[in-house]
Amino acid sequence: MLRDIPEAVKKRMNYLEEMDARDRTDGTDRMDRLRQIPPESGKFIALMAASAPAGDILEIGTSAGYSTLWLSLAARERNCKIYTFELLEKKVKLARQTFAEAAVEDVVSLIADDALNHIDKYSGVAFCFLDAEKEIYAACYKEVIPVLASGGILIADNVISHKADLQPWIDEVLADPKVDALVIPIGKGLLLCRKR
């Protein structure tokens, strides 16, 4: 899977990596920046999604679709769909370009709306990647855990870089008897949860 990334996917990943690097150095407004995961986090979520039980993939916070491209590798391997949610119109437009240019539209469904309006419509979800505004993490977690399949995985990004804001929620998750969870120091910190 990671050794056979399609050229169209690689090309778009490289483009978005360069765009993200420029955003971080040229003073682009925080809300307009891509704020995407680093490649090592992308590889990790792809491997975890490929190892999850049967079911589809949810992604909360699409941005330009960079993490979705990593997840698309797992979706192809598993023959499943990714349902990804993004609120910002500019990022929705960029993500649609990403999915068209990378030729992953057959495995990716982009929903331009708040994920919290939709999560309860899913069931038996295999994997969820949460990378959105930090103030909605607790609400998303509360909605996602009931729809995960047994053995399903939820990974939340930025739990080390935003530890000050997220620590109370992280402590709740680590103590939640419904999941096995730990913080992994990859990228900006990933919280890995497996539904028991």
Side-chain angles (χ1 to χ4, degrees), residues 31 35-37 41-42 44-46 48-72 74-75 78 80-89 91-92 95 99 107-184 186-196:
M31 289 306 290
R35 298 187 292 161
Q36 65 198 20
I37 60 173
S41 296
F44 184 78
I45 66 170
M48 294 306 298
S51 304
D56 289 321
I57 296 170
L58 297 182
E59 180 183 42
I60 303 171
T62 314
S63 190
Y66 180 77
S67 53
T68 322
L69 292 180
W70 286 106
L71 292 171
S72 76
R78 298 162 42 86
C80 70
K81 264 308 253 189
I82 303 165
Y83 297 92
T84 184
F85 299 89
E86 179 56 57
L87 281 170
L88 299 176
E89 190 177 323
K91 290 184 178 180
V92 168
F99 304 147
V107 294
V108 176
S109 178
L110 174 60
I111 298 108
D113 196 11
D114 187 336
L116 290 168
N117 295 333
H118 299 270
I119 295 170
D120 64 352
K121 298 178 180 118
Y122 297 90
S123 64
V125 172
F127 182 89
C128 178
F129 182 54
L130 173 56
D131 186 15
E133 295 305 313
K134 307 313 166 251
E135 54 270 14
I136 69 164
Y137 272 33
C140 289
Y141 177 84
K142 184 179 175 188
E143 294 294 317
V144 168
I145 294 302
V147 303
L148 278 181
S150 177
I153 296 168
L154 178 146
I155 295 179
D157 192 32
N158 299 114
V159 297
I160 293 174
S161 63
H162 290 69
K163 186 176 181 178
D165 297 327
L166 292 174
Q167 193 61 56
W169 172 69
I170 294 167
D171 291 341
E172 284 179 29
V173 173
L174 294 175
D176 187 348
K178 295 185 291 299
V179 299
D180 292 310
L182 79 154
V183 173
I184 302 171
I186 295 175
K188 295 181 180 178
L190 300 171
L191 177 63
L192 169 64
C193 310
R194 181 181 181 273
K195 187 173 178 181
R196 297 171 57 120

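The shown structure was predicted, so the numbers you read here are calculated from the model rather than taken from an experiment.
The line from CG of L116 to NZ of K142 is 10.5 Å long, rounded to the nearest 0.5 Å. One distance of note links CD of Q36 with OG1 of T68; it measures 10.0 Å at 0.5 Å rounding. Atom CG of residue L71 and atom NZ of residue K81 lie 14.0 Å apart, to the nearest 0.5 angstrom. Of the inter-residue distances, the one linking I60 atom CD1 with C140 atom SG reads 4.0 Å to the nearest 0.5 angstrom.
Residues F44 and I155 share a closest heavy-atom pair of CE2-CD1, 3.8 Å. Here the closest heavy-atom approach between residue C80 and residue D56 is recorded as CB-OD1, 3.5 Å. What you find for A126 and P53 is that their closest heavy atoms are CB-O, 2.9 Å. Here the shortest heavy-atom pairing between F129 and D131 reads CE2-CB, 3.7 Å. Heavy atoms only, all atoms of each residue included: V107 and A75 are closest at CB-CB, 4.2 Å. Shown here for H118 and I111, the closest heavy-atom pair between the two residues is NE2-CG2, 3.9 Å.
Counting only heavy atoms from C-beta outward, the side chains of R196 and P177 never approach each other to under 4.5 Å. Counting only heavy atoms from C-beta outward, the side chains of V159 and K163 never approach each other to under 4.5 Å. For the pair K188/I160, no side-chain contact is recorded, criterion being any heavy-atom separation below 4.5 Å from C-beta on.
A donor-acceptor pair is defined here as one N or O able to donate and one able to accept, closer than 3.5 Å; such a pair exists between the side chain of K134 and the backbone of A132. At least one donor-acceptor pair closer than 3.5 Å links the side chain of T62 to the backbone N or O of F85. A donor-acceptor contact shorter than 3.5 Å is absent between the side chain of D157 and the backbone of L190.
Heavy-atom contacts from other residues, nucleotides or ligands closer than 6.0 Å to CD of E89 number 12 or fewer.
Side chain to side chain, E86 and S63 fail the donor-acceptor criterion of an N or O pair below 3.5 Å.
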- Give the intermediate values and the outcome of side-chain contact (heavy atoms from CB on, under 4.5 Å) for residues L191 and L166. CA-CA 11 Å; L191 177 63; L166 292 174; over 6 Å; no

- Taking it one step at a time, do S67 and E59 satisfy side chain to side chain donor-acceptor pair (under 3.5 Å)? CA-CA 9 Å; S67 53; E59 180 183 42; 2.3 Å; yes

- Item | CA sep, side-chain torsions, deciding dist, call: I45, F127, side-chain contact (heavy atoms from CB on, under 4.5 Å) | CA-CA 9 Å; I45 66 170; F127 182 89; 4.1 Å; yes

- Task: Give the intermediate values and the outcome of side-chain contact (heavy atoms from CB on, under 4.5 Å) for residues C193 and I153.
- Result: CA-CA 6 Å; C193 310; I153 296 168; over 6 Å; no

- Task: Start with the C-alpha distance between I82 and S72, add both sets of side-chain angles, then the distance that settles side-chain contact (heavy atoms from CB on, under 4.5 Å), and finish with yes or no.
- Result: CA-CA 7 Å; I82 303 165; S72 76; 4.2 Å; yes

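Checked against C128 for a side-chain contact (heavy atoms from CB on, under 4.5 Å), the options I119, I57, V144, I145 give a single hit: V144.
Not counting sequence neighbours, the partners of D176 by the side chain to side chain contact (heavy atoms under 4.5 Å, CB included) test are Y141, K178, V179.
At a threshold of 4.0 Å, the pair E133-R35 counts as salt-bridged, since one of the basic side-chain nitrogens sits closer than that to a carboxylate oxygen.
Between Y137 and W169, the ring planes are perpendicular. Angles over 60° get that label, and only those under 30° would be called parallel.
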